[in-house]
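Each remark here refers to the structure printed beneath this line.
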Amino acid sequence: MRRKLAAGNWKMNGTAASLTELEALKSSLPTNAPDVVICPPAPLLYRATQAAKETGIQIGAQDCHMQESGAFTGDVSASMIADTGATHVIVGHSERRDAHEERDRDVRKKAKTAWAAGLTAIICIGETLEDHEANNTLDIIAGQLAGSLPSAVTPTNTVIAYEPIWAIGTGKVPTLEQIVEVHDFIRERLTSRYGTEIADMIPLLYGGSVKPDNAATIFKAANVDGALVGGASLKAADFAPIITALSQS
Ligand code: PEP
């Protein structure tokens, strides 16, 4: 059985006061809750790992530098993230690919640096609206998988998040058929590159406007093992029903 995972990306939102949401989330979790990872902004990571003790919630970062250390003012390395007690790091989020011009090869290097620090990399891929409308989605996804994933992927060091860029923060969500098609395709590509044993166990997340009212439908897709959630992860009252829907899927 693949593990289910609900990951929350707080983006550039929250201060120390927001960490009370972790305790609130813990009290609202179902008994058979899937894995839950919250990714707050970097300055909150250490406090978040402390606040998450005894909650079962894991903490992740939103990005890491591709190098281990050095003269990279303002950047944060994977080992610094691990040192806070965090266990995961998102790499290749479309907002990083867009605003920081990160390319597949950068994402691949970041994933390897994350692994070297003992972190699980949540590797994001997804097509633009233009590519979606031109029916190029599967080609784009194939290219991003080939370019962003290192060869030493395992089910414990990697989670893949499919996030159509046009669905992030827009309230637009692909149809269930589209979600099924892309996740099935991702699983097939993983199988042809890494073999069934590895590919079958890698968690695939859907991300893009997941909300309490659409989560159950999205989780009907057999190859969707969870969600990467932005806006609706900020408040326990919104994130908890999504996690419950995942636990019931
Ligand atoms: C995200 O930022 O990864 C995301 C999916 O955001 P939202 O859920 O707000 O669309």
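The structure displayed is predicted, hence computed values, not measured ones. Order of listing sets the numbers, starting from 1, for every ligand and every atom in it.
Looking only at distances, no side-chain donor or acceptor of Glu163 sits under 3.5 Å from a matching main-chain atom of Gly126.
On a distance-only criterion, Ala232 and ligand 1 share no N/O pair closer than 3.5 Å. Of the N or O atoms in His93, one or more lie within a sub-3.5 Å distance of an N or O in ligand 1. Below 3.5 Å of separation, one finds an N or O of Gly169 facing an N or O of ligand 1. Considering backbone and side-chain N/O atoms, Lys11 comes within less than 3.5 Å of an N/O atom of ligand 1. Residue Ser209 places at least one N or O, backbone or side chain, under 3.5 Å from an N or O of ligand 1.
Residue Lys112 places its NZ atom among 12 or fewer non-hydrogen atoms of other residues, nucleotides or ligands, all under 6.0 Å distant.
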Check against side chain to side chain contact (heavy atoms under 4.5 Å, CB included), Thr158 and Trp115: CA-CA 9 Å; Thr158 299; Trp115 296 348; 3.2 Å; yes
Side-chain polar contacts of residues 33-43 - donor-acceptor pairs under 3.5 angstrom, sequence neighbours left out - could you list them?
residue: Asp35; atom: OD1; partner: Arg3; partner atom: NH2; Å: 2.7
residue: Asp35; atom: OD2; partner: Arg3; partner atom: NE; Å: 2.7
residue: Asp35; atom: OD2; partner: Arg3; partner atom: NH2; Å: 3.3

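Electrostatic pairing of Asp104 and Lys109 does not count as a salt bridge here, judged by no charged N lying under 4.0 Å from a carboxylate O. Salt bridge annotation for Arg97-Glu102: absent, with no cationic side-chain nitrogen under 4.0 angstrom from a carboxylate oxygen.
Distance check: Glu133 CD to Glu130 CD gives 8.5 Å after rounding to the nearest 0.5 Å.
The nearest heavy-atom contact from the protein to atom 3 (O) of ligand 1 is Glu163 OE2, 2.7 Å. Nearest to atom 8 (O) of ligand 1 among the protein's heavy atoms is Gly230 N, 2.8 Å.
Interface of Asn9 with ligand 1, defined as ligand atoms under 4.0 Å from a residue heavy atom, comprises 2 (O), 3 (O). For ligand 1, the atoms closer than 4.0 angstrom to any heavy atom of Gly208 are 5 (C), 10 (O). Listed by atom number, the atoms of ligand 1 under 4.0 Å from Gly231 heavy atoms are 7 (P), 8 (O), 9 (O).
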